Each structure stands twice: as structure tokens, then as C-alpha cells.
Amino acid sequence: MKRLTRHSIDNGRQRLGAAVDTLRRGDNSVVWAPQAGLRLGNLLYLWLHAHQQSAIGTPVVVVETQGMQDWWEQFPALRSLSATRAEVRFSDRREWDATWLYQRFGVDFERAELRAFIHDVFADRAAGAVDERLVVNVRRGDFYGTEFEAKHGFDVIGYTTAAVERFPAEQRVLVVSDDPEWCRCHLGDRLRSRFRDVEYAAPDPLQNLLALASARRLIGANSTFSYWGAYIADALHPDVEIVMPRFHARMAHGTDAHQLDPRWTALAGFH
């Protein structure tokens, strides 16, 4: 009964919202994202959408959500693509892609639009930095040991083992992860048996993103944060080599990562 009541309330709110939206006749649109739950990787797709629509004369901004202000400080160009809730006018149209989150490469955005966004937002901060080490990004955090594991969890050890085989063994390696201790325990021996020098970056979202962006050789993870590090690296380094897992998450529309640039190497399986 409670579930039915909640369902009825949600349907009522959707119908009311749709009715109100018919009254919004302004020229500007607002990506009406949830107030919480989206981190940098997901947010960047929303800002990319706003950037590309605004570039063709259709002004779009993203409504402020939890944690946005920290990234405005690091990348000021993102502020002009955002609006606080107080700045949103009644007449501004609302939009939200709850299924794809504006993340489909070749559908929601093209490479040229992606690179224009990267140039405007990240070039001043990331350009010129080149790391000759093989950078290995490992996503752990709340993807494991929580309710999200059933959706996002996959064979990290098997995937990483297969991915490093694609690069020369004499290279130095930088492991970038939100859980470097797990990486030391579960990947350390494998990496040290193949590579002469293995280092682990301290967990820090900004520095970790810049580390991925500086890579000329990158092994990514099934994470939007990882995809963005790879996008930036790809835009800044013409000879970049990028390997990603084909798997992203167990979704209603499948498991493949629709965010991947088709020029990257995508390894299937491991889930």
C-alpha cells in the first residue's frame, strides 16, 4: 500500500510538473539535475551539453547541485554554464535526460563538440603536462562493498591484467585510484612482475583528474571520471594510447559503455 501511494504521488508530481512546463515560454533552458548524487564525471556531461547547445545559439545552463561550487573554483568556465536555483527564472524551460544523462558519444555529442568544451574549460590547467609513464586508473570506492556493486562491479584484476599486456614491459607505471591500498594489495605483485617501477598517486579528485589528463598511455576504468580523464588526454596528446573496459554498468539498455570514443581500445568481458 505504501509503495502504491508513493507511486501515485510521484505520478501526480510528474503530471503537475508537465502542466507547469507548458507555461514556461522563455528562450533559456535549464538542465534540472538532481540536487545530490552526481559527482564530477556525470556533471561534466551536463556541462558539455550546456556548452554545445549554447554554442549554437540555444542558451542552456545546469542548475547547481551539491558539490558544484568546488569545481567552479578549480575551473571557472564551468560557472558560466551553471545557475544557482535563485538565478533560475520561472520562464526558463526545464530539461533532464534521466535515461542517458547526455552521455552517448556520437549521439549526445560529437568529438568536435567535446574538444571545444575541453579547450574552453581545461586547456589552461591541463595543457603542457605530459606524463610518459603508463597511467592505470582503478575505480573502487562505493562501486564495491555497497548496493552499487551489483550494478557497477566487475573483474578489476582480470581486466587490468589483460590491459597492461598491451603495453611494453619496461615502462614505469602510475596507479591512480580512490583506493590505492586495495591496488597495492591486489594488483601490486602483478604490476611489479612486469614493470620496473610502480608508483601510487594519493587519492585527490583534482590531482587524479589532471594525472589522467597528462597521460600519453592510459588504462581506464568503468567510470565517468575515467572517461573524462581520457577525453582530456585524447584532446591534448595527438599520439595518446587509451584502453578501456567495454563494460560500464548493468543497465536496462545493456552493459556497454556508450561513452567511449570508438578510436579507443575497448576490452570486452570481465563482468
Side-chain angles (χ1 to χ4, degrees), residues 1-11 13-14 31-46 65-67 96-105 107-108 136-164 175-188 190-191 200-201 203-205 208-209 212 218-231 242-262 264-271:
M1 182 57 125
K2 288 183 178 179
R3 183 176 299 177
L4 180 61
T5 302
R6 169 56 65 184
H7 181 70
S8 299
I9 291 173
D10 289 343
N11 282 342
R13 286 174 174 169
Q14 290 175 5
V31 177
W32 203 252
Q35 286 187 279
L38 299 180
R39 297 182 183 178
L40 179 63
N42 287 315
L43 291 174
L44 284 169
Y45 288 103
L46 309 187
T65 68
Q66 187 177 40
W96 176 240
D97 178 4
T99 301
W100 300 103
L101 303 181
Y102 308 95
Q103 295 184 9
R104 293 170 295 175
F105 195 106
V107 177
D108 295 313
V136 179
N137 185 213
V138 177
R139 174 67 158 89
R140 296 294 299 177
D142 60 0
F143 276 16
Y144 298 90
T146 72
E147 68 272 20
F148 299 116
E149 183 167 1
K151 180 179 180 181
H152 293 285
F154 84 126
D155 181 6
V156 174
I157 296 173
Y159 161 71
T160 305
T161 301
V164 298
V175 179
V176 177
S177 177
D178 51 4
D179 192 349
E181 289 306 314
W182 184 93
C183 296
R184 284 189 179 93
C185 291
H186 295 86
L187 298 173
R190 284 176 169 81
L191 294 174
Y200 297 84
D204 178 284
N208 291 171
L209 179 67
L212 302 188
L218 174 63
I219 294 174
N222 62 322
S223 157
T224 55
F225 183 90
S226 200
Y227 305 152
W228 275 99
Y231 293 148
I242 296 172
V243 176
M244 287 282 176
R246 176 75 64 189
F247 172 77
H248 176 67
R250 297 168 187 87
M251 310 284 284
H253 46 71
T255 61
D256 285 0
H258 47 268
Q259 300 92 338
L260 303 187
D261 187 321
W264 300 346
T265 298
L267 301 187
F270 309 105
H271 60 92

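Predicted model only: the values in this text are computed from it and were never measured.
Under the ring pair (Phe, Tyr, Trp, His ring centres under 6.0 Å) criterion, H258 pairs with W100, H253, not counting sequence neighbours. Partners of D256 under the salt bridge (Lys or Arg N to Asp or Glu O under 4.0 Å) rule, at least two apart in sequence or in another chain, do not exist in this structure. Remark: L101 engages N42, W96, Q103 in a side-chain contact (heavy atoms from CB on, under 4.5 Å) (not counting sequence neighbours). Remark: E181 engages R184 in a side chain to side chain donor-acceptor pair (under 3.5 Å) (not counting sequence neighbours). Partners of A201 by side-chain contact (heavy atoms from CB on, under 4.5 Å), not counting sequence neighbours, listed by chain and number: L174, V176, N208. With sequence neighbours left out, R104 forms a side chain to side chain donor-acceptor pair (under 3.5 Å) with D108. Residues that satisfy the side-chain contact (heavy atoms from CB on, under 4.5 Å) test with A257, not counting sequence neighbours, are Y227, H248, Q259, L260. Judged as a side chain to side chain donor-acceptor pair (under 3.5 Å), and not counting sequence neighbours, Y200 has no contacts. Residues passing the side chain to side chain donor-acceptor pair (under 3.5 Å) test with R246: none are found, sequence neighbours excluded. By the salt bridge (Lys or Arg N to Asp or Glu O under 4.0 Å) test, D204 is found to be paired with no residue, residues two or more places apart in sequence or in another chain being considered. By the ring pair (Phe, Tyr, Trp, His ring centres under 6.0 Å) test, W264 is found to be paired with Y231, residues two or more places apart in sequence or in another chain being considered. Remark: F148 pairs with D142, T146, H152 by the side-chain contact (heavy atoms from CB on, under 4.5 Å) rule, at least two apart or across chains.
Within the 4.5 Å cutoff, the side chain of V175 has no heavy atoms near those of the L187 side chain.
In this structure, CZ on F143 lies 9.0 Å from CG on D178, to the nearest 0.5 angstrom. Separating the CG atom in L191 from the OG1 atom in T161 is a distance of 8.0 Å, to the nearest 0.5 Å. A distance of 4.5 Å separates CG of L209 from CZ of F225, quoted to the nearest 0.5 Å. One distance of note links CG of L44 with OG1 of T224; it measures 8.0 Å at 0.5 Å rounding.
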Worked verdict on Y144 versus D179 for side-chain contact (heavy atoms from CB on, under 4.5 Å): CA-CA 11 Å; Y144 298 90; D179 192 349; over 6 Å; no
From CA spacing to verdict: side-chain contact (heavy atoms from CB on, under 4.5 Å), W228, Y45: CA-CA 9 Å; W228 275 99; Y45 288 103; 3.2 Å; yes
side-chain contact (heavy atoms from CB on, under 4.5 Å) between R190 and V164, worked out: CA-CA 10 Å; R190 284 176 169 81; V164 298; over 6 Å; no
Audit row: Y159, V243, side-chain contact (heavy atoms from CB on, under 4.5 Å) steps and yes/no: CA-CA 10 Å; Y159 161 71; V243 176; 4.1 Å; yes
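Taking all atoms of both residues into account, the shortest heavy-atom contact from V156 to R140 is CG2-NH1, 4.0 Å. In this structure, M244 and G220 approach most closely via the heavy-atom pair SD-CA, 3.5 Å. Taking all atoms of both residues into account, the shortest heavy-atom contact from V138 to S177 is O-OG, 2.9 Å. Contact detail for S226 and N137: the closest heavy-atom pair is OG-OD1, 2.8 Å. Listed here is the closest heavy atom pair of F247 and K151: CZ-O, 3.7 Å. Pairing each heavy atom of A33 with each of T65, the nearest pair is CB-CG2, 3.9 Å.
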